[in-house]
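The structure's right below; bear with me while I get my questions together.
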There are 2 protein chains.
Amino acid sequence: MDEDDVGTVDVPEATVARLPQYLRALSVLAEAGLQTVSSEALAEAVGVGSAKLRKDLSHLGSYGTRGVGYDVTELHRQIADHLGQTTPWNVVIVGIGNLGHALAGYGGFGDRGFRVVGLFDDGSQVVGEVVAGLRVRPLADLPQVVHPGATIGVLAVPAEHAQGVCDQLVAAGVRSVLNFAPVVLRVPAGVDVRKVDLASELQILAFHAQRRAVRGAAPVAPRLPSLAPVTERVGEVV
Amino acid sequence: MDEDDVGTVDVPEATVARLPQYLRALSVLAEAGLQTVSSEALAEAVGVGSAKLRKDLSHLGSYGTRGVGYDVTELHRQIADHLGQTTPWNVVIVGIGNLGHALAGYGGFGDRGFRVVGLFDDGSQVVGEVVAGLRVRPLADLPQVVHPGATIGVLAVPAEHAQGVCDQLVAAGVRSVLNFAPVVLRVPAGVDVRKVDLASELQILAFHAQRRAVRGAAPVAPRLPSLAPVTERVGEVV
DNA sequence: TAGATTGTTAATCGATTAACAATC
DNA sequence: TAGATTGTTAATCGATTAACAATC
């Protein structure tokens, strides 16, 4: 595959979602001074199977060497390239409440190629305050900060304001939105929305936890009289 | 399907992940005073197809009425039941930095059936402070607060401490962990971990954004001389 | 060359979707 | 009854997995 095929060949969504994990693992390996890594070892570090990893990488092109493995630095560069991380992306955060405040100060973004360049809110009490080194601006200032198509918007406003603020982001030229409000946003075609729903995550955990509890309470096997000794497992589940 | 089949019939993971969305939409409809909703209308509210919704609900049992739709209150109760939300779940948050602080104060958990019952940290400067009405305790106090198997642990510590703290959570009896640290946690069988990786979400958005940019820059169709007028679309992508 | 490990093939699995018979 | 809408079937699609030929 050609070097300049970045961005022109289809990569399955499931693969895209794993690329950041591979990238991070490679960073760790590079810092540890490793030159080369096998698909087996890298997959193990990320918690997936090696076949899946090789298949994922095959969608980006083939950067490994049979019998040897992958060059850590080279593979890191290739994946970073595909993720568009050769230059940092600008991020604006809208809604500087509890969560927005935390996101503004979150070091993890900077480490992974993002730069928070604007904080916005319309609650009169926060506007003007300095948070994580940036002065919080009113929403009306969005167009002054957003570079159309090149800025990611993070939405950390209450559910009832999310759609309205999203519309303003889109109007200002934002084409990628990370939404923390538990609502379905309607956006025009060409705008990409991802949703992080913190309460949902807990609910999914609760679903499985309850399942364990219910199953654990019920007998694992029917109690039949038996001549051979039987190990009864109670409450032990996957 | 029987009432008491809750927790005993297999529900596909993809379906489980959507149940919280359905539940929330039903809450909104119930508040709006709606008695009944069709799969078409509910699906529209959640942003999925109606066939998918009906298929999802069919895994829980069949609570609809042909020709009529679903009883809003009844369906809400059924889904809440399956999600184990008839009684609230207790949640402990470990790592009261930027993010943990925000999570402790996040109202969305309480609204959706969770109760934050403990905040923990080992950084000497936070321990003892009161955050969102709770005093931050040292990790050593975990066993005093955790009810084995019935408490969800939220991990908001730096990556390098995540595994160690996770081990302590598990030792205290936590069987469900929501992990915000960008690391792969190793846990014994029977412990359920979900990961929320904020930077990853941005990276996935960046991948698609870059793709739009690259494709937009390239000509959409080969430029051939043509007798008929041609509409050239530049930069317009899905 | 012999051993190791990739990249790819083919089989399997799970999720989505459209269509429609069942039925209120 | 006629119209509406569910629950289910069958077809399709996409993702995972194991196995192995290619090749360093």
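Convention: sequence-line order gives letters A, B, ...; per-chain numbering from 1. Heavy-atom basis, side chains included; hydrogens, waters and symmetry copies ignored.
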### Task
May I ask you to say what B/Ala51 touches in the nucleic acid, namely base, sugar-phosphate or nothing, with a heavy-atom cut-off under 4.0 Å?
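Base contact.
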
### Query
Between A/Lys55 and A/Val68, which is nearer to the 5' end of DNA chain C once each is assigned its nearest nucleotide?
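It is A/Val68, whose closest nucleotide lies nearer the 5' terminus.
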
### Query
Can you tell me if B/Asp71 and B/Tyr63 form a side-chain donor-acceptor pair at under 3.5 Å?
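Per modelled atom types, B/Asp71 and B/Tyr63 side chains form no pair under 3.5 Å.
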
### Message
With a sphere of 6.0 Å drawn around CD of B/Gln168, does it hold more than 12 non-hydrogen atoms of other residues, nucleotides or ligands?
### Response
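Yes, enclosed.
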
### Query
Base, sugar-phosphate, or nothing for B/Gly49, non-hydrogen atoms under 4.0 angstrom?
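Here B/Gly49 touches no strand at all.
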
### Query
So does A/Glu31 pair up with A/Arg24, basic N to acidic O under 4.0 Å?
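Judged by the 4.0 Å cut-off on N to carboxylate O distance, A/Glu31 and A/Arg24 do not form a salt bridge.
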
#### Entry: Basic-acidic side-chain contact under 4.0 Å: B/Glu44, A/Arg186
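Answer for the salt bridge query: yes.
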
### Task
Nearest whole angstrom, please: distance from the C1' of C/dA4 to the CZ of A/Arg66.
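It is 12 Å, rounded to the nearest whole Å.
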
### Atom-pair distance (NE2 on B/His59; P on D/dG7), nearest Å
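Roughly 13 Å, once rounded to whole Å.
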
### Query
Counting side-chain heavy atoms from C-beta on, which of D/dC20, C/dA19, D/dT17 comes nearest to B/Arg54?
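So the side chain of B/Arg54 is nearest to C/dA19.
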
### Message
Does D/dA4 have its OP1 or OP2 closer than 4.0 Å to a side-chain nitrogen or oxygen of B/Tyr70?
### Response
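Checking B/Tyr70 against D/dA4: no side-chain N or O falls below 4.0 Å of OP1 or OP2.
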
### Query
To the nearest angstrom, how far is A/Glu13 atom CD from D/dT16 atom P?
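Roughly 12 Å, once rounded to whole Å.
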
### Query
Base, sugar-phosphate alone, or nothing: which one does A/Glu40 contact when heavy atoms must sit under 4.0 Å apart?
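A/Glu40: no heavy atom of the nucleic acid under 4.0 Å.
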
### Message
With a 4.0 Å cutoff (strictly under), does any side-chain N or O of A/Ser39 reach OP1 or OP2 of C/dT6?
### Response
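Looking at the OP1 and OP2 atoms of C/dT6, one of them is under 4.0 Å from a side-chain N or O of A/Ser39.
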
